[in-house]
Amino acid sequence: MMVVAFIVDGPLTAEAQARALHAHAGKWQALTRGGGVGATLRFEGIVRRAEPDHGTVSGGAGGGVAERDLLALDYQTYDPMAERGLLTLAREVAERHGLKSIVAMHSRGRVGVGEVSFVLEVAAPHRAETLAAVADFIDRLKQDVPIWKRAVWAG
Amino acid sequence: MRVEVLLFGGAALAAKADLAVVEVAGDASDVTVRDVLAALHDQHPALKFALPPPESGRLAVNQAFAKGDHAIRPDDEVALVTLVGGG
């Protein structure tokens, strides 16, 4: 089983992901060539433009939270607990769902609108394990891994 | 005993600081996570929205989650890790 987790400074560009995963490329190829992997699933979290501004209440009939345009999100991590927590969570999810591999990467610092801040890639013998593992991981990420985001508003 | 608690995210914004200091009754040998959470509730009302109940809540102590009866020593690193929002 391959378990990899990183915190990366800035957006998770293709180059940043390749740099982080460079040392593990051979193990991944061996896993897929071995024939035990029947499904892979990749999830990307992308910074979207409109976010609810909890400091602003809309004037509509519902009186809900208004949306504003973002410039970026600033991710704050509690180091080294954040990267260790990401790795521990990856290991637990891999064992619980019988994964062959799991790769989790999260950004630290500023990530602009349209850029990737989180990547989760899982591989398993069947698709059902990959779908369940991704949902499980993301739910627990928000409870157990000390990473916070702060809105940087446009204008 | 005086305990410094690191703050992050919304808790740091609400407190306008990245550290909250609490005075907890008792000496260094018997102060627990529960005591520190109770002291945060009493002494830092601006943080109430981010504070878990003292009986069931947790803090990070030396970079690992700890609950209830876990003892806090004077040189421990203590952090409030609630309402995380990564991803």
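Owing to the predicted nature of the structure, the values given are computational and were not obtained by experimental measurement. Proteins come first, then strands; the chains are lettered A, B, ... in the order of their sequence lines, and each starts at number 1.
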Connected via hydrophobic side-chain network under 4.5 Å: [X] and [Y]:
X: A:Phe6; Y: A:Val119; answer: yes
X: A:Leu31; Y: A:Val3; answer: no
X: B:Leu80; Y: B:Val3; answer: yes
X: A:Leu70; Y: A:Val116; answer: no
X: A:Ile7; Y: A:Leu12; answer: no

Can you see which heavy atom on [X] is nearest to which on [Y], and at what distance?
X: A:Gln143; Y: B:Arg58; value: O-NH2, 2.6 Å
X: A:Arg84; Y: B:Gln63; value: NH2-O, 2.8 Å
X: B:Gly9; Y: A:Gln76; value: N-OE1, 3.1 Å

Which atoms of A:Asp144 approach chain B - backbone, side chain, both or neither, heavy atom under 4.5 Å: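 Interface part for A:Asp144: both.
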Close approach to chain A in residues 33-43 of chain B, criterion heavy atom under 4.5 Å: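 Within residues 33-43 of chain B, no residue comes under 4.5 Å of chain A, counting heavy atoms only.
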Aromatic ring pairing B:Phe8/A:Tyr78, orientation class (parallel under 30°, perpendicular over 60°, tilted between):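 The arrangement is tilted - the two ring planes meet at 30° to 60°.
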For a quick test of your reading: what N or O donor-acceptor pairs under 3.5 Å do the side chains of residues 34-49 of chain A make, sequence neighbours left out?
| unit_1 | atom_1 | unit_2 | atom_2 | d |
| --- | --- | --- | --- | --- |
| A:Arg42 | NE | A:Glu44 | OE2 | 3.1 |
| A:Arg42 | NH1 | A:Glu121 | OE1 | 2.7 |
| A:Arg42 | NH2 | A:Gln17 | OE1 | 2.7 |
| A:Arg42 | NH2 | A:Glu44 | OE2 | 2.7 |
| A:Arg48 | NE | A:Ala50 | O | 3.3 |
| A:Arg48 | NE | A:Glu51 | OE2 | 3.3 |
| A:Arg48 | NH2 | A:Glu51 | OE2 | 3.0 |

Qualifying side-chain hydrogen bond (donor to acceptor under 3.5 Å, both in side chains) pairs with a residue from residues 132-141 of chain A, counting only residues at least two apart or across chains: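 Every side-chain hydrogen bond (donor to acceptor under 3.5 Å, both in side chains) pair that includes a residue of residues 132-141 of chain A, provided the two are not neighbours, is A:Glu92-A:Arg140, A:Arg96-A:Asp136, A:His97-A:Asp136.
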Please list, one pair per line, the donor and acceptor atoms closer than 3.5 Å that link side chains of residues 12-23 of chain B to other protein atoms, with sequence neighbours excluded.
none

